[in-house]
Amino acid sequence: MLSAVYSTQHLRPARLGEKCLTLCFYIASSNGFFTGTNGEAVSNFTPFKGAARAVVIDAQGKELQVTGIMGANDMYDVVKFRVNSVKTLPLTLSSSITPVGSLAYLLPYHEVKAVKSGPVRKAETFQGDYPYYTVALSMGENQVSCPLLDASGQVIGMMQQPAVVGDSLCYAISALFVDSLNINGLNFYDETFKLTQVKKLLPTDIKEANLVLYFAGSQSDSSEYVSLIHDFIQQFPNAPDGYIYRAQQETTAGDFSSAERDMEQALKLANPKDDAHFNYARIIYNKEIYQSAQPYAGWNLDKALQQIQTAISINPVTTYRQLEGDILFAKQRYDEAYEIYNSLLSTNLRSAELFFAAARCKEMQKDTTAMLALMDSTINMFSRPYLKEAAPYLWARSEARRNAGHYREAIADMNDYETIMTATVNDNFYYIRHQVEIQGRLYQQALNDINRAIQMNPNEILYYAEKASLEIRVGLYDQAIATAKECISLDAGNSDGYLFLGLGQCLKGQKAEGIKNLQKAKELGDTQADALIEKYK
């Protein structure tokens, strides 16, 4: 048997046999047993909660580090883990359900001669065909997670915490169920694993391990992600995926030479090589777009184009073609990029993103009519009521319509954008829409929006100046004078307040006062004041 420490404090273990183990914690203790020859063991999960590390100490006093958790289930309070032993001696697990009435034997951790036996009262199944046993025997203290054996000595279950210590009935969960626990790409970030700081081991299946890395890129902190990539390469040294993930991380960190070495290694290992060439092209392209201020010899858009075209020559999948279009666009080869995007619109990649990319090509080619038509097709990929995914495209089309002089259509897009982004729109949004509304001669709407901008950011002087200007434009001179005075109260050194105050007063017939304020605006550097003074003096 074995003993384990789950804290930085060393606890003296009991000397036991070779196949079972005692799990001793700083604040709790438990038992368990080996189920595999490579250090695989099972126990209850409770002592792992809050633990940062684990050490197993065998009967000879040898310490074995718990290298990580292989699976856990908090509902049934069970865990599977591994220690760093070269070889371990497992107990044999029974693959059949022990019949009701058969004798079962509880093997305690401290002395084999203290084995207790009792008949199986119930053998209920859960999670498919796994048995959950009720046995007529009394557990002693500290016997949770000890193995329950059948008459042949095979493990049928793992003892669970009884409702009352010394009760005449005890319970055992299927040992096969506990041994079947695993970590995969979908459960790696389950709440159960957040209850412990003991390291989680990557799945042994490379596809599942890849899935873990895929999700880890967005859910892990950078240090955990780097550690996972390291573990992946250690576990699968001949797979190109780990080197590709590490190259992406190194590129983000600005370590381009290391990223280049890893990508060259990935290309050597890959078979077929198209995906490695695709990822190499993507890494270089992203670097050139987002880290262009950090040049690296040999990495440029030409090399990215060469890599993606090599990938296409091996396997002309549509995803590769889209990246080729993105690279050509970045190289300002808009005709070629458009041809690629347009050809992909009849494939499985047909999407708002692709229509938008084609629209950008036409925008760069100064083909406004085609660009607006493609913008319309972009929005048509969504249905009303719009969800947040449509927001960036609605905003882009509103800008395109505004630049084309289609102000009221631009406002309609901004209204839709506001509807789906109500919680995040800010004062700047209302300021911009107020400007478009002025261009579309929707003056009341413009006044409403500049007022909302002021409500959201009452210290922005620009908004008061814009509001006063608009009020003068629509003949609301009294309101303009009041707004200009608010502007001056916020910053007496800003010329805009005096300019619009003076102009409003002149238009109201208060020329003497108005000219004084226009003169003040001139003194503060306003270049428009001179002409107005000449007009009204």
- Query: Yes or no on side chain to side chain contact (heavy atoms under 4.5 Å, CB included) for Asp376 and Arg397, after CA distance, side-chain angles and deciding distance?
  - Reply: CA-CA 8 Å; Asp376 290 342; Arg397 188 172 70 170; 3.0 Å; yes
Going by heavy atoms in the side chains, are [X] and [Y] under 4.5 Å from each other?
| X | Y | value |
| --- | --- | --- |
| Lys80 | Ile69 | no |
| Glu466 | His434 | yes |
| Asn73 | Leu181 | yes |
| Asp241 | Ile206 | yes |
| Ile411 | Leu442 | yes |
| Asn494 | Leu524 | no |
| Leu228 | Tyr245 | no |
| Leu499 | Leu518 | yes |

Using the ring-ring contact (aromatic ring centres under 6.0 Å, His included) rule, collect all pairs that involve [range], keeping only residues at least two apart or in two chains.
| range | answer |
| --- | --- |
| residues 455-483 | Tyr431-Tyr463 |
| residues 352-380 | Phe356-Tyr393 |
| residues 253-272 | Phe256-Tyr296, Phe256-Trp299 |
| residues 310-353 | Phe278-Tyr320, Phe329-Tyr334 |

- Message: Checking side chain to side chain donor-acceptor pair (under 3.5 Å) between Gln307 and each of Glu324, Arg282, His277, which is the one that passes?
- Response: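 Single pass found, and it is His277.
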Which atom of [X] lies closest to which atom of [Y], heavy atoms considered:
| X | Y | value |
| --- | --- | --- |
| Arg321 | Ser343 | NH2-OG, 4.1 Å |
| Gly242 | Ile229 | O-CG2, 3.7 Å |
| Ala330 | Ile289 | CB-CD1, 3.9 Å |
| Glu471 | Gln479 | OE1-O, 3.1 Å |

Hey, what do you get for [atom1] ([X]) to [atom2] ([Y]), rounding to the nearest 0.5 Å?
| X | Y | atom1 | atom2 | result |
| --- | --- | --- | --- | --- |
| Leu345 | Ser351 | CG | OG | 8.0 Å |
| Leu354 | Leu349 | CG | CG | 6.5 Å |
| Met414 | Thr419 | CE | OG1 | 12.0 Å |
| Asn279 | Asp262 | CG | CG | 12.5 Å |
| Glu260 | Ile283 | CD | CD1 | 11.0 Å |
| Ile461 | Ile488 | CD1 | CD1 | 10.5 Å |

Do any N or O atoms from the side chain of [X] and from the backbone of [Y] form a donor-acceptor pair under 3.5 angstrom?
| X | Y | result |
| --- | --- | --- |
| Thr196 | Phe48 | yes |
| Glu208 | Gly185 | yes |
| Asn184 | Asn182 | no |
| Glu437 | Ala446 | yes |
| Gln365 | Asp367 | no |
| Lys303 | Asn300 | no |
| Ser469 | Ala465 | no |
| Ser292 | Tyr290 | no |
| Lys537 | Leu532 | no |

- Query: Under 3.5 Å, is there a donor-acceptor pair between the Ser398 and Arg401 side chains?
  - Reply: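 Per modelled atom types, Ser398 and Arg401 side chains form no pair under 3.5 Å.
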- Does anything in residues 446-455 pair up under side chain to side chain donor-acceptor pair (under 3.5 Å), and if so which pairs, sequence neighbours excluded?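 Every pair satisfying side chain to side chain donor-acceptor pair (under 3.5 Å) with a residue in residues 446-455: Glu418-Arg452, Tyr430-Arg452, Arg433-Asp449, Gln444-Asn448, Asn451-Lys467.
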By ring pair (Phe, Tyr, Trp, His ring centres under 6.0 Å), which residues pair with [X], not counting sequence neighbours?
| X | value |
| --- | --- |
| Tyr386 | none |
| Tyr407 | none |
| Phe232 | Phe236 |

- Pairs flagged by salt bridge (charged side-chain N to carboxylate O under 4.0 Å, His left out) wherever residues 341-364 is involved - sequence neighbours left out: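 Every pair satisfying salt bridge (charged side-chain N to carboxylate O under 4.0 Å, His left out) with a residue in residues 341-364: there are none.
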- Message: With salt bridge (charged side-chain N to carboxylate O under 4.0 Å, His left out) as the rule and sequence neighbours excluded, what pairs involving residues 512-526 come up?
- Response: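 Passing the test, one end in residues 512-526: Lys522-Asp530.
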- Could you walk me through whether Val198 and Arg53 pass the side chain to side chain contact (heavy atoms under 4.5 Å, CB included) check? CA-CA 5 Å; Val198 177; Arg53 71 180 188 92; 5.8 Å; no
- List the steps and the verdict of side chain to side chain contact (heavy atoms under 4.5 Å, CB included) for Asn44 and Tyr76. CA-CA 8 Å; Asn44 64 319; Tyr76 291 104; over 6 Å; no
- Query: After noting the C-alpha distance and the side-chain angles of Ile183 and Phe193, does the key distance pass the side chain to side chain contact (heavy atoms under 4.5 Å, CB included) rule?
  - Reply: CA-CA 10 Å; Ile183 292 177; Phe193 297 116; 3.6 Å; yes
- Message: Show, in sequence, the C-alpha distance, side-chain angles and deciding distance for Lys49 and Asp77, and conclude whether the salt bridge (Lys or Arg N to Asp or Glu O under 4.0 Å) test is met.
- Response: CA-CA 10 Å; Lys49 296 178 181 179; Asp77 190 28; 5.2 Å; no
- Verify salt bridge (Lys or Arg N to Asp or Glu O under 4.0 Å) between Glu399 and Arg402, making sure each step is shown before the conclusion. CA-CA 5 Å; Glu399 289 185 325; Arg402 178 182 179 182; over 6 Å; no
- Message: Do the side chains of Lys268 and Glu264 get close enough for a salt bridge, i.e. N-O under 4.0 angstrom?
- Response: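 Not counted as a salt bridge, because no side-chain N and carboxylate O are separated by less than 4.0 Å.
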- Item | Under the salt bridge (Lys or Arg N to Asp or Glu O under 4.0 Å) test, residues paired with Lys508 that sit two or more places apart |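 Once residues adjacent in sequence are excluded, the partners of Lys508 under the salt bridge (Lys or Arg N to Asp or Glu O under 4.0 Å) criterion are Asp478.
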- Task: Taking salt bridge (Lys or Arg N to Asp or Glu O under 4.0 Å) as the test, write out the residues that go with Lys331, two or more places apart.
- Result: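 For Lys331, the residues satisfying salt bridge (Lys or Arg N to Asp or Glu O under 4.0 Å) (neighbours in sequence not counted) are Asp302.
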- Message: More than 12 heavy atoms of other residues, nucleotides or ligands under 6.0 Å from CZ of Phe126: yes or no?
- Response: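 Result for CZ/Phe126: enclosed.
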- Query: Cation over ring, Lys200 on Phe188, under 6.0 Å and within 45°?
  - Reply: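 Yes, Lys200 and Phe188 form such a contact.
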